[in-house]
Engineer: 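One structure follows; several queries about it will come next.
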Amino acid sequence: MNILEMMKTNIAGATIPEQYKSLSVKEMEERVSEIKARLGKRLFIPGHHYQKDEVIKFADATGDSLKLAQLSAENTDAEFIVFCGVHFMAETADILTTESQKVFLPDMRAGCSMADMADINQTQTCWSELQEIFGDTILPLTYVNSTAAIKAFVGKNGGATVTSSNAKKMLQWAFTQKERILFLPDQHLGRNTAQTLGIPLDKMAVWDPIHHTLGYKGKVEDIKIILWKGHCSVHENFTPTNVENIRKTKPEMNIIVHPECPYETVALADYAGSTAYIIEMIEKAPSGSKWAIGTEMNLVQRIITQHPDKEIISLNPHLCACLTMNRIDLPHLTWSLEMIERRELTQHIKVPDEIAQYAIFALNRMLQRA
Ligand code: 13P
Ligand code: SF4
């Protein structure tokens, strides 16, 4: 289900009651702490690295998409998992947890614009057309930033999910299964990763889901990877011009970016990797080192605060925020926890069984190799 369909079926869960807007930060923090203390191990709050500080401070664990998926799969104790992240992450947690565990998303409008760029009908159309051209030579891979229905499609067709931290490993595995790959929905992660495996750009095609066209430059039979024409609206704001400006004005800076950034930007940067990789690189860097980071604003600002001994800036001087990640704030966290205590399950994320039973194949193929 994409974010629009989900909103239509759950309008009540989408809107926070007015009373939460008049609470002070102190009141909300007290309420959250008290509920956490009352529920103890029955409650688990995972938080993605892009979440706001006001939310991260209450997270029981923080991580990139891979780590949060692994933690969800391992956690069998918590009855209530309040996922501080975006919709596809909560869906993944629901698929990987047991029937008796319930996953909640504090604001049901916290989607991901990239995940919404591939819907299941478009995917089926694309698949039929690609089968006509290439026959049974393609394996589908999907970035976890996709709907559960896309994951189920991929799982049914022998493929797997990938995250930004294991995309290279998963692509290598995929090429042991089939001659070519359909990579959904982020063309940039697909292109950047294929490039690290030595696949030249003229062996990469782009599937346009709106016009049903396959764009490529070389010979069709040479195509190794078909990239879905999707992207992240946050990371596309880190441009080659940003890199060139830093090189000109602050040549001593190391430039590190997330692989959702465009190919041309990643090619000019010094390092590229997942949110966890970026955090680790800066942690390991010597005091006094200088860094320009190309990823979401909350994470960049947190890294800046945590490393006063290093000079750290955003690669794009107009800090780039993920508006949907930012929907999860202290009022929504407070509200969702109070709803759980009242047994009102409006923010409950439940992937239908007929989708979850196939999506789990795709996730498990990744988790076995992560
Ligand atoms: P990570 O897996 O690197 O945490 O990235 C998730 C994401 O949505 C980046 O935009
Ligand atoms: Fe989606 Fe981009 Fe936000 Fe990540 S940063 S959740 S890919 S919109």
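Source: prediction; values computed, not measured. Both counts, for ligands and for their atoms, begin at 1 and track the order of listing.
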Engineer: Would you mind running through ligand 2 and noting each atom that sits below 4.0 Å from a heavy atom of E260?
Structural biologist: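 Within the 4.0 Å cut-off of E260, ligand 2 contributes 2 (Fe), 7 (S).
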Engineer: Determine, step by step, whether E244 and K248 satisfy the salt bridge (charged side-chain N to carboxylate O under 4.0 Å, His left out) criterion, reporting the C-alpha distance in whole Å, the side-chain angles of both residues, the deciding distance to 0.1 Å, and the verdict.
Structural biologist: CA-CA 6 Å; E244 282 153 15; K248 251 186 255 152; 5.9 Å; no
Engineer: Pair up each side-chain donor or acceptor in residues 66-75 with any protein partner under 3.5 Å, not counting sequence neighbours, and list the distances.
Structural biologist:
{"unit_1": "K67", "atom_1": "NZ", "unit_2": "T62", "atom_2": "O", "d": "3.1"}
{"unit_1": "S72", "atom_1": "OG", "unit_2": "L68", "atom_2": "O", "d": "2.7"}
{"unit_1": "N75", "atom_1": "OD1", "unit_2": "D77", "atom_2": "N", "d": "3.0"}
{"unit_1": "N75", "atom_1": "OD1", "unit_2": "A78", "atom_2": "N", "d": "2.9"}

Engineer: Taking the six-membered ring for Trp, are H48 and Y50 parallel (under 30°), tilted (30 to 60°) or perpendicular (over 60°)?
Structural biologist: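 Judged by the thresholds at 30° and 60°, the geometry between H48 and Y50 is perpendicular.
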Engineer: Less than 3.5 Å apart, which donor and acceptor atoms pair up between the side chains of residues 352-365 and the rest of the protein, not counting sequence neighbours?
Structural biologist:
{"unit_1": "R365", "atom_1": "NH1", "unit_2": "G155", "atom_2": "O", "d": "3.1"}
{"unit_1": "R365", "atom_1": "NH1", "unit_2": "G159", "atom_2": "O", "d": "2.6"}

Engineer: Between D270 (side chain only) and I255 (backbone N and O only), is there a donor and an acceptor less than 3.5 Å apart?
Structural biologist: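 Yes; judged by distance alone, with no hydrogens or angles, the pair exists.
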Engineer: Answer yes or no: is there a donor N or O on one side and an acceptor on the other, between the side chain of D64 and the main chain of S274, under 3.5 Å?
Structural biologist: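 Side chain of D64 to backbone of S274, a donor-acceptor pair under 3.5 Å: no, none is there.
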Engineer: Protein N, O or S atoms less than 2.8 Å from atom 3 (Fe) of ligand 2, ignoring waters?
Structural biologist: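 Near atom 3 (Fe) of ligand 2, below 2.8 Å, one finds C322 SG.
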Engineer: So, the side chain of E260 versus the backbone of H235: is there a donor-acceptor pair under 3.5 Å, distance only?
Structural biologist: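 Judged by distance alone, no pair lies under 3.5 Å.
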Engineer: Between ligand 1 and the protein, which N/O pairs are shorter than 3.5 Å?
Structural biologist:
{"unit_1": "ligand 1", "atom_1": "2 (O)", "unit_2": "S65", "atom_2": "N", "d": "3.2"}
{"unit_1": "ligand 1", "atom_1": "2 (O)", "unit_2": "S65", "atom_2": "OG", "d": "2.8"}
{"unit_1": "ligand 1", "atom_1": "2 (O)", "unit_2": "S164", "atom_2": "OG", "d": "3.3"}
{"unit_1": "ligand 1", "atom_1": "3 (O)", "unit_2": "S164", "atom_2": "OG", "d": "2.7"}
{"unit_1": "ligand 1", "atom_1": "3 (O)", "unit_2": "H258", "atom_2": "NE2", "d": "2.8"}
{"unit_1": "ligand 1", "atom_1": "3 (O)", "unit_2": "T275", "atom_2": "N", "d": "2.9"}
{"unit_1": "ligand 1", "atom_1": "3 (O)", "unit_2": "T275", "atom_2": "OG1", "d": "3.4"}
{"unit_1": "ligand 1", "atom_1": "4 (O)", "unit_2": "H48", "atom_2": "NE2", "d": "2.6"}
{"unit_1": "ligand 1", "atom_1": "4 (O)", "unit_2": "S65", "atom_2": "N", "d": "3.3"}
{"unit_1": "ligand 1", "atom_1": "4 (O)", "unit_2": "T275", "atom_2": "OG1", "d": "2.7"}
{"unit_1": "ligand 1", "atom_1": "5 (O)", "unit_2": "H258", "atom_2": "NE2", "d": "3.3"}
{"unit_1": "ligand 1", "atom_1": "8 (O)", "unit_2": "N145", "atom_2": "ND2", "d": "3.1"}
{"unit_1": "ligand 1", "atom_1": "10 (O)", "unit_2": "E260", "atom_2": "OE1", "d": "2.9"}
{"unit_1": "ligand 1", "atom_1": "10 (O)", "unit_2": "E260", "atom_2": "OE2", "d": "2.9"}

Engineer: Between Y20 and W335, how do the two ring planes meet: parallel, tilted or perpendicular, split at 30° and 60°?
Structural biologist: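 Rings of Y20 and W335: tilted, as their planes differ by 30° to 60°.
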Engineer: Is the ring centre of Y271 less than 6.0 Å from the ring centre of W291?
Structural biologist: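 Yes; W291 has its ring centre under 6.0 Å from that of Y271.
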Engineer: Does a donor on one side chain and an acceptor on the other come within less than 3.5 Å for S233 and S113?
Structural biologist: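 Yes, because at least one side-chain N or O of S233 sits under 3.5 Å from a partner of the opposite role on S113.
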